[in-house]
Structure formats: C-alpha cells, structure tokens
Amino acid sequence: MTPAFDKLARPVQKWIRAQGWRELRDIQARAIHILAEDNGDLIIAASTAGGKTEAAFLPLISQVLDDPATGAGFDLLYIGPLKALISDQARRLEDICREAELPVVPWHGDIAASSKSRAVKNPRGILLITPESLEALFVRRGLEIPRLFKNARAVIIDEIHSLLDTERGIQVRSLLARLELAVGRPIRRIGLSATLGDMGLAGEYLRPDAPDDVHVIEADNGGSELRIQLRGYVSGDKDEDVPAPVRAISDHLFTHLRGSDNLVFAGTRQSVEIYADRLRTLCEEAHLPQEFYPHHANLSREHREFVEHRLKEGAVPTTAICTSTLELGIDIGDVTCVAQIGAPFSVASLRQRLGRSGRREGNPAILRQYAIETELRADSNILDRLRLGLVRAVAMIELLLEGWCEPPRPGALHLSTLVHQILSVISGRGGAKAPDIYKTLFQHGPFRSVSSAVFLEVLRAIGRPDIALIEQGEEGILLLGEAGEKLTDHYSFFAVFKTPEEYRIVANGKTLGSISIDNILAPGMLLIFSGRRWHVQEIHDRERVIVVVPAKAGVPPRFGGDPGIIHDRVVERMFEVLESRERPVYMDRTALNLLDEARGNYAQIHFDTGGIVQTADSEFLIATRLGTIKTETLALALRSQGYRVHVHDGFIEGTFSEAQSSPIDTLKAIARGKNIDLFSSDPNLISEKFHPYLTDDLLRLDVVSSKLDQQSLPRICANILGG
DNA sequence: GACCTGCTGCGGTTTG
C-alpha cells in the first residue's frame, strides 16, 4: 500500500487486508508517521466514524508487537467516558488483537469482578477503563499501581472534548499525573476528539507542562453539503390541552421524519416527554406502527438500549426524541436529519449533534431548527418582544457556519475535585504528608492555579472536628478521619460529580426509569413518562419507589437542572443579528416575521446613547452585550446594591425605588472601582459534590474562579456607560 | 434558563 502501511507490524497489516481497506485514511497515515517519530503527545481530531480509534491504535499495537515488554504490566491504557463506549471499543480492538494474541481488557462497573481480578493477577495488553474505575484502582489497590502500569507505552483518552475543564476532566488529569509519578516516568498521552474549538487549549489540557510540543492531527471534513431550515412558531393560550406550537411542530415532524431514522433534540427531558407523547398519539390516531421513541438519562437502560439498537440496525424507521444522551460517541449509525427544538446552549453541542447526520458519502447533513416565541399582547415584556430565543438560534447557526465553537474555560480552582483527590491520595497510600500531597496534586497535577495558602486552608477546612474528613497523625502524617473513612469506603466515592436523589418508577414489576424527589406526587395523580401515560398507584417513600399503571391522560414530571452558560461571542453575535438588516435564506416566513418584529422593537429602545435605558418610572434595562458569566457578575453586583434584577441573554432587567441612587450612578461608581461585595445577597454557593465540606470563604473563591468574572466588573460598567 | 457521565470487595457455595 503506502510507506505508512509498511511501518505496521505483520499481524496488524494482515488485519487491515482482511478488512478489504484499499488504503489508509489520511489521519491514520499521519498518525502512523508521527507516533513512529518520537515519544511526543498527540491529539487526533476527526468526526465520529472518522477512523480515529484505528489511527491511534494501529501504530501503538504495532509498537507493542515489534518490541514486547518484559514482565507483567498493561502495554496500553485507554480511558473512555462511557461504559457503552468502552464495550464498543473493546469489541473493535479484540478483532484487531486476536491475530496478535494481545489481550483486550474492558474494565468498568458492569464487568464481572472475576475478570478484573484475573487481569490484576496477570496484567497484559490493552486496558480500557472509565475515570471512576481507574480512581477505584488508585484507592483500593494503590500499592499495585506501579506493577500494573510500569510497561504502559501510552494512554489514550477518548472524547477529550467532553472532559477538558469539567470536574471529571480535572479528575482524569490528576490521575494521569499520579500515574506518571507512580511509574517514575512520563507516559505519552494521546487525545481523541470530535469537536474542538481551540487546539492550543486542548494541548494545554493534555500536557500542561509542554502544550506546544503536542502534535495535532485534524481531519479536513469540509465539503459535505449542509441543509438548514429555521421555522418559527408562535404560542397562544397556555391553557390548551396540547399547546399550539407543540401541535404544529409535532405535525411537521410527523410528516417529514416518518419513514427514516432521525434525532430530535428537544432541549429538556420534560420537553422530550411532551413531544414523544404527542408523536406516539399521532401514530396511533393514523393507525401506523410506532416509530418515535423518547431517550433521556432518566429512562431505564433497557428502554434506551432498545432505541439505540433500532437506530443502529436501521431495519425499521426510528426517530429518537432525545436530550444530549445521543450526542456523545456511542455508535447509532447515520441519521437522515437532526431536529433541534429551541436554541441549544452552545455552538459546540449543535455542531456535535449535526455531526450525526449526513455521514454517508453523497448525503447532505440536515438541520431542522424550530423556534417558539410567545404571542405578544399590549402588556408584553420588552424582552419577549426581542424574541431572544429565535435570535440566539440565528446567532448559533451563523457561528456554526463560520466553523467557530466555544473554547474550554481554564482557570477554575476546582476545589470540590481537589477535596476528592486529597482523600483519594491519603486513602490509596494509607496516609500522606502535606508536602507529598502538594507535590502530587499541584506540581505535577492539575491544581497549579491553587496557591499553597489556599491548599492549607482546604486541609484545615476538611480537618475541622465537625467535618472530620482528615486528621493529623504522628509526625505530621495526614490520615482519614471518621467521616473520611466512611466516605472513601463506599463505592459512591469514585465519581467526582454530584447525582440527585430520585424515585424509581415501576410499572407491572418493571422499572421504567426515575424522577427527581422534588416532584410532589400522591396516589391518583397522572403522569407522562417514557412517552406514555400513567396513573400513580402507590408511593413507597422509604424504598424511593413509585408504582404506576397505564392511564388515558397525564402531565410530564419536573426534572430540574442548572442554568446553562452562554459564551460572550454568542451574545455578541445576537446583538449583531438584532442590529443587522440581513434576512437569512434558511428562515421560513413566520421566523422572518418574528425577526423583523424583534429588530423593530430593538430599534425603539434607543440603546444608541448607551447600554442602559429607563423603561418606566422605576424600571431600567441594561444591554451588557456579554455572555452568562459577565452578565451574572453584574447582576450580583446590582443585587448587592439593593436593586431587584433579572438576567437574560445579554440583558439585565431591573427595578429601583426612589430611595435608591439611580442605576446609572451605581454603574459609574463601579466603573470608577467602587468596592463591591458580590455575596451580600447571600446566593447559594454549593453546587458540586464536595462543596459541603468547605468553608464559606473557600466556596466564594471557588465560585469567583469558575462562574463569575469579578475582575472585569469595572470595565463591563464602563462599556455599558460608553454606549 | 440544561444536559450528561460513574461505582468495590467480601464471604459463601459449587465445581474441576
């Protein structure tokens, strides 16, 4: 074939021939050359099904075969964020490795303990593991880590775009640093990804000590055709059984998606239930077989796998009404079109979703965007008049077409994850001194933006007698306290992210899924769940179980959630859309009418003399033109000065009383550097799993580093006043 | 004003 092919080991070449491949893909050939050249780190970015896994593994497996290690130890380590992904990848790798007689060891919570203990006794080949299971190895078998990984040539991290600066991403980085420390040498890191907004920042994530040395291979997947339509809908009376836009959008989906495989991203789990229920009803009324199914994280594994299987097999037409569950890497094959109801929270996720469609050569990728706006009345709010949902959908489509997406946001302290890693290090080593922990987690690990003073404060906080996560032993050794022992002893310790408490919903002895305990339910109430209608029969509070039987009517449950963070650039583009006169060709007539209306209303506000206007006697409106973080920071500052404010995309709406100074004067004072206590309105600061063990001071530091931008506050105010 | 992800070790019994 090619020089790249000649570099591969015999059994690998034989496997490639058996696949009937005529040639290696471009990214595969490039990866083979780069991985043969030196020991450097590498990022491979290509779309789903673009051959990334093979690009990384074919040359690495070749190296293992050409130069076998002596003694026990895994040759390669793969970290994947999903159990389903690990099982998928293990199947593919087993096929390649069968010829080479290299063991492939999938390892996650659903794998039998017997096969795990076998692998620990005789570690060889490729280990595929979740971040949580790797954490468990460090905690439960900390002393065996060097033996298990001393031969590891590389660690492959799949879907790194889903990790980056998240809690879980910081955990993975910490584990990598601890791994290298345990084996006493660097281990080459290879990141696989679909969507990356900024390769430099991804390199920074992969190897913080030498980001510039990280090789990058990017597939050019330009050229494939993209078809977009944005349809507008106006909602009327809220009291209707099925609201008009739900009815109209469902009719449109039913007409255009029936007969093919599609994904409908409905935005929220509640919305998934509403549209799935409506589309099921339409199928029943037309006496047609069912082909629309809901898919979200609260539905049972059995039901989700049923939907995934139908999509993957492609034997019968299937449309999944889903949340971001179907956005990540699990293999569901190609879909005809991707529908998006309401604007998403990030361009990155829109891009990732669209990547599911038009993958087969010659097929276009199709995006059907639906925007719902409320009908205006004489007393309608000014922000309803600006049609911000529709405007955001337009802004995001424009940014998508330009190829932009959100970069990661480094700089957060991640104190909750730090508490977790401190406990993990102490537990895995049976005790540790503060300077050793500092060396492990800070000099080599991901917490270098945390100062040593803050580190000591965290140790003191979790060592307080009423917290008792750690305590001081002889010669300054830190040991687990009573609460720390209890926490790390339970398997729930290994995940760094928080999970809500839930009821299990059971019908006819089978689990349908779960709903949050925040739902107020009583026997006799009606429920829509898993796309069908139910009657609540029994509630078992202690067992957290709700028993339901089929019913004729129902209402969807509440699932709750955190507000999303919208990037500055998206809001900036929204204002450009409001101030422009261009009418995008992909919008239907209703959508264009709504956009014209929004532009007319925006022009009437007269922001031309500055970003703040008085809209009524005691009401004001600020256009920050900035994303969630900066707009929320200003909102907190105004609240601390006694104003009542509401935040929207790039806008703050507020009221003030005569006794207060005018909001313009307040903005002027902040612009001049007036000292503001952002927390005087006492906002909730606990959002992550280990936050409850920290002090208020530490929580404030953490929030300021991750969710606010205190530093920019004077400039934000100056820009608003400058018009 | 949202979405998603994950989980060990032991003791007992049976089988080759």
Side-chain angles (χ1 to χ4, degrees), chain A residues 79-87 107-117 120 129-142 158-164 166-172 175 265-272 295-299 301 304 321-330 340-346 348-350 352-353 372 383-384 388-389 392 417 420 424 427-428 487-500 516 558-566 570-571 627-629 631-632 635 646-651 653 687-689:
Chain A
I79 301 176
L82 303 175
K83 289 188 287 191
L85 190 60
I86 285 178
S87 302
W107 183 309
H108 54 65
D110 297 344
I111 301 286
S114 56
S115 86
K116 290 176 185 170
S117 59
V120 168
I129 196 166
T130 58
E132 288 72 20
S133 285
L134 184 57
E135 183 79 57
L137 277 180
F138 272 88
V139 175
R140 301 276 199 251
R141 307 173 197 250
D158 207 353
E159 309 270 6
I160 57 165
H161 62 278
S162 75
L163 297 171
L164 295 176
T166 64
E167 289 158 273
R168 231 176 157 203
I170 297 300
Q171 176 187 30
V172 167
L175 291 170
F265 290 96
T268 66
R269 288 167 285 187
Q270 189 176 53
S271 180
V272 165
H295 191 286
H296 60 71
N298 286 65
L299 298 176
R301 178 169 298 277
R304 288 165 60 174
I321 323 296
C322 59
T323 56
S324 48
T325 37
L326 290 180
E327 190 180 302
L328 276 164
I330 46 170
Q340 170 74 42
I341 302 174
F345 283 89
S346 76
S349 110
L350 186 60
Q352 185 84 8
R353 290 170 185 186
I372 305 170
L383 291 161
D384 283 339
L388 294 180
R392 191 167 92 215
T417 308
H420 180 259
S424 174
S427 174
L487 209 60
T488 53
D489 256 357
H490 197 260
Y491 59 69
S492 59
F493 173 71
F494 306 123
V496 286
F497 52 85
K498 197 165 121 175
T499 36
S516 158
R558 291 178 17 196
F559 291 97
D562 310 312
I565 287 177
I566 313 240
V570 172
V571 177
T628 311
I629 289 188
T631 303
E632 280 290 354
H646 292 285
V647 170
H648 309 262
D649 293 2
F651 291 95
E653 209 183 2
S687 60
E688 295 180 18
K689 189 170 170 184

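Throughout, a chain's letter reflects where its sequence line sits, starting with A, and its residues are numbered from 1. Worth knowing before you read on, the calculation uses all heavy atoms, side chains too, and leaves out hydrogens, waters and symmetry mates.
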Exercise. Base, sugar-phosphate, or nothing for A:Arg141, non-hydrogen atoms under 4.0 angstrom?
Worked result: sugar-phosphate
Seminar exercise, completed: Rounded to whole Å, CD of A:Glu653 lies from P of B:dG1 at a distance of 13 Å
Problem set entry | Atom pair distance, as rounded to whole Å: CD1 in A:Ile566 and P in B:dG1 | 13 Å
Exercise. Can you give one letter per nucleotide of nucleotides 10-16 of chain B, going 5' to 3': B for a protein heavy atom under 4.0 Å from the base, S for sugar-phosphate only, - for none?
Worked result: -------
Exercise. Any sub-3.5 Å donor-acceptor pair from A:Thr631's side-chain atoms to A:Thr628's backbone N or O?
Worked result: no
Exercise. Who are the side-chain hydrogen bond (donor to acceptor under 3.5 Å, both in side chains) partners of A:His296, not counting sequence neighbours?
Worked result: A:Glu273
Exercise. Counting only N and O atoms by type, is there a donor-acceptor contact under 3.5 Å from the side chain of A:Glu132 to the main-chain atoms of A:Leu134?
Worked result: no
Problem set entry | Of the listed nucleotides B:dT8, B:dG9, B:dG1, the one nearest the side chain of A:Arg392 | B:dG1
For this session: Indicate yes or no for a side-chain donor-acceptor contact from A:Thr166 to the backbone of A:Gly169 under 3.5 Å, with no hydrogens or angles considered.
Result: yes
Exercise. Under 4.0 Å: is that the gap between some side-chain N or O of A:Arg140 and OP1 or OP2 of B:dC7?
Worked result: no
Could you list, one pair per line, each protein nitrogen or oxygen that sits under 3.5 Å from a nitrogen or oxygen of nucleotides 3-6 of chain B, together with the distance?
from  : atom 1 : to       : atom 2 : distance (Å)
B:dC3 : OP1    : A:Arg269 : N      : 2.8
B:dC3 : OP2    : A:Arg269 : NH2    : 3.4
B:dC3 : OP2    : A:Gly560 : O      : 2.5
B:dC3 : O3'    : A:Thr323 : OG1    : 3.2
B:dC4 : OP1    : A:Ala297 : N      : 2.9
B:dC4 : OP1    : A:Thr323 : OG1    : 2.7
B:dC4 : OP2    : A:Arg269 : NE     : 3.4
B:dC4 : OP2    : A:Arg269 : NH1    : 3.2
B:dT5 : OP1    : A:Arg304 : NH2    : 2.6
B:dT5 : O3'    : A:Pro81  : O      : 3.4
B:dT5 : O2     : A:Arg168 : NH1    : 3.4
B:dG6 : OP1    : A:Lys83  : N      : 2.6
B:dG6 : O3'    : A:Thr130 : OG1    : 3.4

Exercise. Who pairs with A:Lys83 by salt bridge (charged side-chain N to carboxylate O under 4.0 Å, His left out), at least two apart in sequence or on another chain?
Worked result: A:Asp110
Exercise. Under 6.0 Å between ring centres, would you say that holds for A:His420 and A:Phe493?
Worked result: yes
For this session: Only counting residues at least two apart or in another chain, list the ones meeting side-chain hydrogen bond (donor to acceptor under 3.5 Å, both in side chains) with A:Ser424.
Result: A:Glu135, A:Arg178
Exercise. Across the strands shown, which category fits A:Asp649 at heavy-atom distances under 4.0 angstrom: base, sugar-phosphate, nothing?
Worked result: base
Problem set entry | Residues that A:Asp158 engages under salt bridge (charged side-chain N to carboxylate O under 4.0 Å, His left out), provided they are two or more places apart | none
